[in-house]
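Below is one structure; the comments refer to it alone.
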2 protein chains.
Amino acid sequence: MARHDHRLHEGEALRDAARERLTDQGEQWTGMRAAVFDALASFDKPASAYDVAEAASKAEGRRIAANSVYRILDLFVGANLARRVESANAYVANKHPECLHDCIFLICDSCGQTVHVDDDALSASIRKAAAEAGFSAPRPVIEVRGTCGECERSAG
Amino acid sequence: MARHDHRLHEGEALRDAARERLTDQGEQWTGMRAAVFDALASFDKPASAYDVAEAASKAEGRRIAANSVYRILDLFVGANLARRVESANAYVANKHPECLHDCIFLICDSCGQTVHVDDDALSASIRKAAAEAGFSAPRPVIEVRGTCGECERSAG
DNA sequence: CCCAATCGCGTTACAATATATCATCGGAGC
DNA sequence: GCTCCGATGATATATTGTAACGCGATTGGG
């Protein structure tokens with residue numbers, strides 16, 4: 001079972017944790033990066049880079065190009081501040097950037113809502129299967145497309 | 001451990017199995033679909049829809065539009081003749097279209113080579129985790145990005 | 001036989017996602 | 001001040017994916 005002793009950050013605290021994490025890696029926490037992080041964190045579901053660019057542009061009152069957002073999102077993913085949801089071509093902020101986990105995304109095909117689960121035993125099994133096939137340095141991508149409980153009830 | 005009692009089809013046999021499977025579903029096996037299937041099966045790694053379109057065009061000696069390829073690939077995925085590799089925006093032919101499996105792809109970031117593993121116990125665990133979170137009708141996407149043994153050895 | 005309905009496919013246009021390239025700007029260190 | 005370098009801007013382009021509409025072949029009913 002997944003056990004999380006760490007804190008789930010929100011709002012200011014999340015932003016602070018992100019800044020700290022990034023600067024610890026020797027990277028700068030610039031206004032631009034803060035704006036992109038805030039924009040990403042403001043979504044309650046995975047957002048495409050273009051969605052983030054639009055939200056950040058609105059918040060900043062000036063145009064922020066998608067291409068800058070891509071650069072920064074890539075940096076964030078590398079620093080564990082954000083995750084990419086491969087099957088949705090989208091990104092989510094990582095609520096606990098200080099811990100490394102393989103994570104499992106459950107994505108509702110109906111409403112887009114995405115929940116994030118950690119199961120270290122499960123991801124260990126997957127890494128093990130990969131290792132047995134001769135694969136190294138694996139980065140598991142575990143995503144489940146389906147229908148969330150809420151949509152299930154409302155749609156029958 | 002994954003046990004496969006079914007046959008792995010190749011070449012003609014694979015094509016026949018695909019045709020049979022598709023017609024069993026009440027769909028037609030047209031020349032166009034055969035061409036797309038052959039083109040897809042001719043790749044030894046995941047191929048984008050555009051790659052398939054190009055290969056099919058070459059094989060047929062006439063232009064086959066990507067758009068048609070998308071339609072047909074979607075049909076194939078629905079009929080279990082092909083799989084989509086989400087993290088690569090690409091498709092692979094399914095070598096045993098008659099059995100339903102959640103499958104695990106191991107994708108080499110270096111050479112693109114992709115191996116396919118079935119582990120019913122593992123996918124059952126993932127489905128179980130999804131069910132516990134209230135998700136239904138799940139379609140697991142399990143992919144592992146890493147480096148294959150061969151690239152590992154040659155690149156250090 | 002003819003008509004209508006359906007299906008597969010073509011064609012064009014377009015939207016969404018992602019990367020490449022080069023210019024510029026501004027701070028850190030000398 | 002000057003230089004270097006990382007961050008960002010601007011522009012262009014590549015790649016991936018959909019939408020809309022029409023044509024032609026097939027099929028089933030009259």
Side-chain angles (χ1 to χ4, degrees), chain A residues 18-19 22-23 25-40 43 45-57 59-79 81-92 109 112 145, chain B residues 18-19 22-23 25-40 43 45-57 59-79 81-92 109 112 145:
Chain A
R19 179 175 39 71
L22 200 58
T23 52
Q25 311 229 331
E27 298 284 354
Q28 302 176 30
W29 183 256
T30 65
M32 181 74 188
R33 291 175 182 181
V36 169
F37 188 83
D38 288 349
L40 178 61
F43 288 90
K45 30 181 109 161
S48 77
Y50 282 80
D51 291 340
V52 174
E54 190 178 337
S57 297
E60 294 286 289
R62 69 198 172 92
R63 175 187 139 87
I64 292 184
N67 112 356
S68 298
V69 172
Y70 272 106
R71 276 195 294 242
I72 293 174
L73 287 177
D74 284 352
L75 180 76
F76 285 177
V77 169
L81 301 193
R83 304 274 193 171
R84 181 173 162 83
V85 183
E86 295 287 352
S87 71
N89 296 326
Y91 300 81
V92 291
D109 286 329
R145 311 296 308 224
Chain B
R19 180 174 38 71
L22 200 58
T23 51
Q25 310 228 330
E27 299 283 355
Q28 301 176 28
W29 182 256
T30 66
M32 182 73 190
R33 291 176 183 181
V36 170
F37 188 84
D38 288 349
L40 178 60
F43 288 89
K45 30 181 110 161
S48 77
Y50 282 79
D51 291 340
V52 173
E54 190 176 337
S57 297
E60 294 286 290
R62 69 198 172 91
R63 176 188 138 88
I64 293 184
N67 174 338
S68 299
V69 172
Y70 272 108
R71 276 194 296 242
I72 293 174
L73 287 177
D74 284 352
L75 180 76
F76 285 177
V77 169
L81 300 193
R83 304 275 194 171
R84 182 174 161 80
V85 183
E86 296 288 352
S87 71
N89 296 328
Y91 300 83
V92 290
D109 286 330
R145 311 295 310 225

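The basis for the numbers below is simple: all heavy atoms, side chains too, and nothing from hydrogens, waters or symmetry mates. It should be emphasised that the depicted structure is a prediction, and the values quoted were computed from it without experimental measurement. Residue numbers begin at 1 in each chain, while the letters A, B, ... track the order of the sequences.
Closest approach of A:L22 and A:F76 over heavy atoms only: CD2-CE2, 4.1 Å.
Other residues, nucleotides and ligands place no more than 12 heavy atoms under 6.0 Å from the CD atom of B:E54.
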Next on the checklist: One pair to check against side chain to side chain contact (heavy atoms under 4.5 Å, CB included): A:F37 and A:W29. What are the steps and the verdict?
Outcome noted: CA-CA 10 Å; A:F37 188 83; A:W29 183 256; 3.8 Å; yes

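Within the structure, a side-chain polar atom (N or O) of A:R33 is placed less than 4.0 Å from OP1 or OP2 of D:dA7. Regarding contacts with the backbone of D:dG9, a side-chain N or O of A:S68 is found under 4.0 angstrom from either OP1 or OP2. Checking the phosphate oxygens (OP1, OP2) of D:dA19, no side-chain nitrogen or oxygen of B:N67 falls inside 4.0 Å. Here B:S48 reaches the OP1 or OP2 of D:dT16: one of its side-chain N or O atoms lies under 4.0 Å away. Contact check, B:R84 against D:dG17: a side-chain N or O comes under 4.0 Å of OP1 or OP2. The phosphate of D:dG9 (OP1 or OP2) has a side-chain N or O of A:R62 nearer than 4.0 angstrom.
The B:M32 side chain lies nearest to C:dG10 when the options are C:dT12, C:dG10, C:dA18. With distances taken from any side-chain atom of B:R71 to the nucleotides D:dG17, D:dT8, C:dC9, the minimum falls on C:dC9.
At least one donor-acceptor pair under 3.5 Å links the side chain of B:R33 to the backbone N or O of B:Q28.
To the nearest angstrom, P of C:dC7 lies 14 Å from CG of B:L22. Spacing between atom CG of A:D51 and atom C1' of C:dT17 amounts to 11 Å, rounded to whole angstrom units. Remark: P of D:dT18 and CG of B:L75 are 15 Å apart, rounded to the nearest angstrom. Regarding A:Y70, its OH atom lies at a distance of 11 Å from the C1' atom of D:dT16, rounded to whole Å. In this structure, A:E54 atom CD and C:dA16 atom C1' are separated by 13 Å, rounded to whole Å. Across the protein-nucleic acid pair, B:Y91 atom OH and D:dG17 atom P stand 5 Å apart, rounded to whole Å. Taking atom CG on A:D74 and atom C1' on C:dA20, their separation rounds to 14 Å, with Å as the unit. Computed from coordinates, the A:L73 CG to C:dT17 P distance equals 13 Å when rounded to whole Å.
A residue-by-residue look at B:Y50 and A:I72 shows that A:I72 has its nearest nucleotide of DNA chain D further toward the 5' end. Of the two residues contacting DNA chain C, namely A:N89 and B:Q28, the nearest-nucleotide position lying further toward the 5' end is that of B:Q28.
Residues A:V52 and A:Y91 form no side-chain contact, since every pair of their non-hydrogen atoms from C-beta on lies 4.5 Å or further apart.
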